[in-house]
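Here's the structure, in C-alpha cells; my notes come after.
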Protein chains: 2
Amino acid sequence: MVKDVGELDWSLLQSFSAVVDAGSLSGAARALAQSQPTIGRHIKALEAALGVGLFTRAPRGLAPTSAGLEIAEMAREMQSAANRLRLIADGKADDLNGTVRITASVVTSHYVLPSIIADMRQAMPEIQIELVPSDTTENLIFREADIAVRMYRPTQLDVITKHVGDQPTAVYAAKSYLDRMGRPKMLKDATNLDFVGFDKSDLIIRVMADLGIKTTRDFFSLRCDQQAVHWELVRAGCGLGGAQTIVGDADPLVERLLDGQIQMQSLPIWLTAPQALHTNLRIRAVWDYLSNALAKQIGI
Amino acid sequence: MVKDVGELDWSLLQSFSAVVDAGSLSGAARALAQSQPTIGRHIKALEAALGVGLFTRAPRGLAPTSAGLEIAEMAREMQSAANRLRLIADGKADDLNGTVRITASVVTSHYVLPSIIADMRQAMPEIQIELVPSDTTENLIFREADIAVRMYRPTQLDVITKHVGDQPTAVYAAKSYLDRMGRPKMLKDATNLDFVGFDKSDLIIRVMADLGIKTTRDFFSLRCDQQAVHWELVRAGCGLGGAQTIVGDADPLVERLLDGQIQMQSLPIWLTAPQALHTNLRIRAVWDYLSNALAKQIGI
DNA sequence: TATGTGCTATTCATAATTGAATGGTAAAAG
DNA sequence: CTTTTACCATTCAATTATGAATAGCACATA
C-alpha cells in the first residue's frame with residue numbers, strides 16, 4: 001500500500017513477522033486469515049524493497065537467513081507493540097456488541113459452563129461468546145482469551161484476578177456400577193472396588209496416601225489423564241472416581257459416596273483477565289455474570 | 001489487507017502513526033506518499049476495528065483524543081522498531097544500485113559538493129545521489145540522510161565519524177569592491193572598510209575580538225545569518241567577509257586579503273553515517289569517495 | 001511401490017483499494 | 001469584505017491486490 005519512496009509498508013512487515021513465527025507461508029497465511037500466495041508475494045516484495053534475502057526456501061517451509069533472524073527482533077518488537085496497542089484500545093471500547101473469549105479447563109468447559117453461558121446469552125444477547133476449552137495456560141496478554149476460569153491462583157503479570165470461592169470435591173460412581181458391585185459404607189470396603197485413576201498424574205495417589213491408603217499406579221486398572229474423559233469413564237460404570245461436586249451432584253447417572261468418611265480437598269475457582277481490559281464494558285459484563293453464576297453454583 | 005478476525009492490519013497502524021505525527025490526513029498522506037482519502041479511510045477503518053474514537057476532526061486537521069494519545073505511544077514504538085529494522089536491513093544490502101542521501105550545510109552544498117558529486121557520478125553512475133542542503137542537524141537514524149558532511153564533530157549516538165581534516169579560512173572581498181575602495185595592506189587599514197557580518201550570530205565579533213579589534217553588531221552595516229547568502233553578498237561587492245579557503249580560492253570574483261596579518265581559525269570537516277549502514281556497499285563507496293575528494297581539496 | 005501430507009510457485013479472474021476530482025468549511029491575509 | 005490557503009468528506013473510474021485453482025517437490029506412511 002505504501003509506495004516505495006523511503007517508507008516501508010508495515011503490512012509487509014506484518015507478514016514477515018507471521019512467517020518468522022509460523023515457519024512457513026501457509027502457516028502465516030492461516031494465522032493472518034490470508035492466502036498463501038499473498039504472503040509469498042509480501043515476502044518477495046519485502047526482500048526486493050530491502051535488497052536482502054530474508055529466507056531460504058525449503059520443502060517444509062521457509063528458514064530465515066542470518067539477516068532475517070536479525071531483522072526478526074524488530075518485527076517481534078512491532079508485534080509486541082501492536083498487541084499492547086490492541087489491548088489498550090480494547091480496554092477503552094465502549095461497545096457492548098462483540099465477542100468475548102472465555103477459556104477454562106476441558107472439564108469446566110464441558111460440564112459447568114454450558115448452562116451458565118446459555119443463561120448469559122439470554123440475558124445479554126448482543127454479546128457473543130467464544131469458549132476455548134484448554135488444559136494449558138493461555139496467554140491472556142496476547143488475547144488468546146479475554147477471561148480465564150481457573151482452578152488455581154493465576155500468576156501472570158498485568159492481570160486482575162478474583163477468587164470466586166472454593167468448590168468441594170467428592171468421590172462418585174455410576175448407579176449402574178453400584179447396583180452391580182454394592183455400595184461401600186466404609187472407606188476400607190471401597191478399596192476392593194475399581195478406581196479410575198490417572199496415567200501420568202499422581203494426584204489421586206497422593207490424595208489416597210493422605211487418607212492412609214497407600215496405592216501405586218497399578219492399583220488403578222483403568223487410567224486416563226484427560227479429566228473430562230476420566231469423568232465419562234466413571235459415569236459409564238468403570239469404577240469410582242473423584243470429581244467436583246458441582247459436576248457430580250448435577251449428574252443423575254452417578255451417586256456420591258463415602259460422605260463423612262473422607263475429606264476431599266476443595267478446588268478454588270479463580271477468574272482472571274488482562275488488567276487493561278477491565279474497563280471494557282463487554283468483558284466487564286461477562287466477568288460479573290460468570291462470577292455471580294459460579295458463586296451461586298458452589299453455594300456462596 | 002488483514003481481515004478483521006483478531007489481528008489488526010498494520011497498514012492501518014502505520015497510517016495512524018503518520019497522522020499522529022503530521023496532525024492531519026493531508027500531512028500524513030504526503031509523508032507516506034499516499035492520498036488523503038486513503039489515509040482518511042484507514043483511520044476510519046481503524047476506529048471501527050478498535051471501537052474507539054481516535055481523533056476529533058477539526059478545520060486544521062485531526063486532534064487525537066485521550067485514547068488516541070495513549071495508543072500513539074505504541075504506534076511510536078512500532079515506528080521506532082520499523083526504522084531500526086530498515087537501518088539494519090540497509091546495512092546488509094549488497095546492491096550498488098540505489099540512492100545515497102548526503103546532507104551538508106548550505107554553503108558546502110552550494111560551493112563545495114557540486115564538482116565533487118559531478119566527478120563521483122561519472123566514476124559510479126549506478127549510484128544516485130540526493131543532496132540535502134541544511135544548516136540544521138539531520139537525524140541520521142531516521143534516514144533523513146545517509147551521510148552528513150559537517151564542520152563540527154558529530155555527537156549523535158550509534159554513528160561512525162571520520163575527521164577528514166581541517167580547512168583553513170580567510171578574509172575575502174570582491175575584486176570590484178577592492179578596485180573601488182583600495183586594497184588594505186594592514187589589518188588596521190581594513191577596519192575602515194565595510195564588513196559583512198552576521199545578524200544574530202556573534203561568530204565574527206568573537207573572531208575579531210581575538211585579533212584585538214573590539215566590535216559590536218553595529219560595526220557591520222550589512223548583516224545576514226544565512227552563510228551562503230552572506231558569501232554572495234561578499235562576492236557582489238558589499239564588503240569584506242570570511243570564508244573557507246576551498247570556497248574563496250576557487251572563486252574568480254574575489255581576492256584573498258591580509259594573508260600573514262591575521263590567523264583565522266580552521267574549520268574541521270567531518271563525515272558521519274549511521275553505524276549500521278557502514279556495511280552497505282553503496283554508502284561505503286560514497287563515503288570513501290567523499291572522504292578522498294574533500295581531503296584532496298584541503299591539500300591532504 | 002503407491003498414496004497421503006504439507007509445502008512453495010504460478011496463473012487468471014475477481015474483489016478490494018486507491019486516487020483524481022469535486023465540494024464544503026474554517027481560518028488567515030489583503 | 002473578498003481571496004487565498006489548508007483542511008476533511010465523498011464519488012466514481014482506474015489500478016492494484018487478492019485468492020481459487022493448479023502444478024510440482026519433498027517427505028512420511030502403508
Side-chain angles (χ1 to χ4, degrees), chain A residues 1-50 52-65 67-69 71-72 75, chain B residues 1-50 52-65 67-69 71-72 75:
Chain A
M1 78 103 187
V2 175
K3 299 182 180 86
D4 188 15
V5 284
E7 188 70 36
L8 266 184
D9 181 353
W10 287 9
S11 62
L12 303 188
L13 297 180
Q14 188 175 19
S15 296
F16 171 74
S17 178
V19 172
V20 170
D21 284 348
S24 70
L25 299 180
S26 312
R30 286 189 295 269
L32 297 180
Q34 294 271 98
S35 70
Q36 168 253 320
T38 295
I39 305 297
R41 280 193 282 255
H42 282 185
I43 298 301
K44 189 169 180 178
L46 186 61
E47 284 176 326
L50 296 180
V52 186
L54 299 172
F55 297 102
T56 55
R57 269 65 168 177
R60 255 2 203 174
L62 275 66
T65 60
L69 280 176
I71 280 166
Chain B
M1 78 108 188
V2 175
K3 298 178 178 86
D4 188 15
V5 283
E7 189 70 34
L8 267 184
D9 181 353
W10 287 10
S11 63
L12 304 187
L13 298 180
Q14 188 175 19
S15 296
F16 170 75
S17 179
V19 172
V20 170
D21 284 350
S24 69
L25 299 179
S26 311
R30 287 190 294 269
L32 297 180
Q34 294 272 99
S35 70
Q36 167 252 321
T38 296
I39 304 298
R41 278 192 281 255
H42 282 184
I43 297 301
K44 189 167 179 179
L46 186 60
E47 284 176 326
L50 295 180
V52 186
L54 300 173
F55 296 101
T56 55
R57 270 62 170 179
R60 259 356 206 177
L62 275 67
T65 59
L69 279 175
I71 280 165

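Throughout, protein chains are lettered first and strands after them, A, B, ... in sequence-line order, and every chain is numbered starting at 1.
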Separation of C/dT17 P from A/Asp9 CG (nearest whole Å): 13 Å
For DNA chain D, find the residues of residues 21-31 of chain B with a heavy-atom distance under 4.0 Å and give them by number; none if there aren't any. B/Ser24, B/Leu25, B/Ser26, B/Arg30
Quick one: does B/Thr56's side chain have a donor or acceptor within less than 3.5 Å of a partner on B/Ala63's backbone? yes
For residues 12-37 of chain B, pull every pair meeting ring-ring contact (aromatic ring centres under 6.0 Å, His included), keeping only residues two or more places apart or in separate chains. B/Phe16-B/Phe55
OP1, OP2 of D/dA17 versus side-chain N and O of A/Thr38: anything below 4.0 Å? no
A/Lys44 NZ to D/dT18 C1': how many Å, rounded? 16 Å
Below 4.0 angstrom from OP1 or OP2 of D/dA9, is there any side-chain N or O of B/Gln36? no
So, applying side chain to side chain contact (heavy atoms under 4.5 Å, CB included) with A/Ile71, which one of A/Val20, A/Leu54, A/Val52, A/Leu46 is it? A/Leu54
Looking across every strand, which nucleic acid part, if any, lies under 4.0 Å from B/Gly61 by heavy atom: base, sugar-phosphate, or nothing? sugar-phosphate
Tell me the side chain to side chain donor-acceptor pair (under 3.5 Å) pairs involving residues 21-32 of chain B, sequence neighbours left out? none
Which residue pairs satisfy the salt bridge (charged side-chain N to carboxylate O under 4.0 Å, His left out) criterion with at least one member in residues 52-61 of chain B, sequence neighbours excluded? B/Glu47-B/Arg57
Is the phosphate of D/dT18, meaning OP1 or OP2, less than 4.0 Å from a side-chain N or O of A/Ser35? no
Round to a whole Å and report the spacing from CZ of B/Arg57 to C1' of D/dA6. 17 Å
Starting at the 5' end of nucleotides 11-16 of chain C, put B wherever the base has a protein heavy atom under 4.0 Å, S where only the sugar-phosphate does, and a dash everywhere else. B-----
Every protein N/O lying under 3.5 Å from an N/O of nucleotides 26-28 of chain D:
none

A/Gln14 side chain to B/Leu8 backbone, donor-acceptor under 3.5 Å: yes
Kindly say if B/His42 contacts the phosphate of C/dT17, meaning a side-chain N or O under 4.0 Å from OP1 or OP2. no
